[in-house]
Amino acid sequence: MQSNDTLRRNMPVFSMSVVTKLSELSARQIRYYETHELIKPQRSEGNKRLFSLNDLERLLEIKSLIEKGFNMRGIKQIIHNEQEHLSDDEQLTRKKMIVEATQKPQREAIPINRGDLSRFIKK
DNA sequence: GTTCTGACA
DNA sequence: TGTCAGTA
């Protein structure tokens with residue numbers, strides 16, 4: 001049975017204006033992340049996005065990753081990695097591999113599907 | 001007035 | 001990523 005807490009965290013209650021203020025991300029960026037399926041806000045009858053507390057927290061994490069220099073690919077892998085139910089140890093191992101391959105100092109995209117990394121990342 | 005999608009002198 | 005257009 002789903003807890004009341006989980007229920008509340010998934011309630012679609014925030015408008016785009018509220019989320020842009022709380023996350024300090026532009027509406028453009030938020031929509032962009034949605035097209036990449038990093039978040040999946042529900043829609044109102046008028047097709048307006050309705051974000052949940054979970055969506056907001058997800059956006060805040062994406063924001064921190066962007067600021068650390070991750071590109072869309074790296075962020076996608078990290079988000080998807082967290083959604084999988086793996087042991088903390090295994091999750092940490094994957095995270096380190098992802099960091100080494102995608103967190104570039106000069107914020108440049110790096111191909112990461114060659115060699116060892118492919119063994120840790122599900123395509 | 002706010003949000004949405006698509007597009008780029 | 002910003003921003004403008006044309007809607008809903």
Side-chain angles (χ1 to χ4, degrees):
Chain A
M1 159 168 58
Q2 199 171 201
S3 71
N4 293 317
D5 184 62
T6 298
L7 237 39
R8 281 190 294 262
R9 283 177 175 290
N10 288 308
M11 290 182 178
V13 294
F14 303 123
S15 65
M16 177 58 92
S17 62
V18 169
V19 177
T20 56
K21 287 182 174 63
L22 264 36
S23 68
E24 294 185 278
L25 287 169
S26 66
R28 174 76 169 76
Q29 289 176 295
I30 295 172
R31 295 182 187 118
Y32 180 69
Y33 303 148
E34 182 187 14
T35 65
H36 284 267
E37 298 184 278
L38 267 34
I39 54 172
K40 313 175 187 52
Q42 295 189 204
R43 297 294 182 121
S44 67
E45 294 180 20
N47 196 42
K48 266 57 180 178
R49 266 167 276 250
L50 291 177
F51 305 83
S52 68
L53 198 54
N54 279 161
D55 291 323
L56 177 59
E57 297 184 326
R58 172 84 85 213
L59 286 170
L60 291 175
E61 189 188 346
I62 294 171
K63 185 191 175 191
S64 73
L65 291 173
I66 287 294
E67 297 176 330
K68 289 177 181 176
F70 285 92
N71 53 40
M72 229 5 74
R73 188 171 199 177
I75 294 177
K76 277 188 179 182
Q77 293 178 69
I78 292 174
I79 296 296
H80 294 158
N81 175 35
E82 296 178 334
Q83 287 179 169
E84 292 179 57
H85 32 285
L86 303 170
S87 66
D88 293 334
D89 182 64
E90 191 171 359
Q91 206 167 99
L92 181 61
T93 298
R94 288 195 181 190
K95 212 150 192 170
K96 288 181 179 178
M97 294 302 291
I98 295 173
V99 170
E100 291 174 25
T102 65
Q103 188 173 1
K104 280 303 299 170
Q106 305 310 314
R107 62 173 300 180
E108 283 185 29
I110 286 185
I112 56 177
N113 276 323
R114 289 174 302 173
D116 49 26
L117 187 60
S118 61
R119 295 202 303 278
F120 299 88
I121 304 301
K122 291 187 176 180
K123 298 178 182 177

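Letters go in sequence order (proteins before strands), and every chain restarts at 1. Since we're looking at a predicted model, the values are computed, not measured.
Side-chain atoms of A:Leu60 and A:Ser23, non-hydrogen and from C-beta on, do get closer than 4.5 Å to each other.
Rounded to an integer number of Å, the gap from A:Asn47 CG to C:dA8 C1' is 9 Å. Atom pair A:Met16:CE and B:dT5:C1' shows a separation of 12 Å (rounding to whole Å applied). Computed from coordinates, the A:Arg49 CZ to B:dT3 P distance equals 11 Å when rounded to whole Å. When rounded to the nearest whole Å, the span between NZ of A:Lys48 and P of B:dG1 equals 16 Å. A:Arg28 has its CZ atom 10 Å from the C1' atom of B:dA7, to the nearest Å. Rounded to whole Å, atom C1' of B:dT3 lies 10 Å from atom CZ of A:Phe51. In this structure, CD of A:Glu34 is placed 11 Å from C1' of B:dT5, rounded to the nearest angstrom.
For A:Glu34 and A:Arg43, the salt-bridge test passes: some basic side-chain N is under 4.0 Å from an acidic carboxylate O. With respect to A:Glu37 and A:Lys76, no salt bridge is recorded, no charged nitrogen being found less than 4.0 Å from a carboxylate O.
Judged by Watson-Crick or G-U wobble contacts below 3.5 Å, the nucleotide B:dA9 has no partner. A 3.5 Å limit on both hydrogen-bonding distances identifies C:dA8 as the Watson-Crick or G-U partner of B:dT2.
Here A:Arg31 lies in heavy-atom contact (under 4.0 Å) with a base.
Each of B:dC4, C:dT3, B:dT3 was ranked by its minimum atom distance to the side chain of A:Arg43; first place goes to B:dC4.
Donor-acceptor pairing under 3.5 Å is recorded for the side chains of A:Thr6 and A:Ser3.
Residue A:Ser15 has no polar side-chain atom (N or O) positioned under 4.0 Å from OP1 or OP2 of B:dT2.
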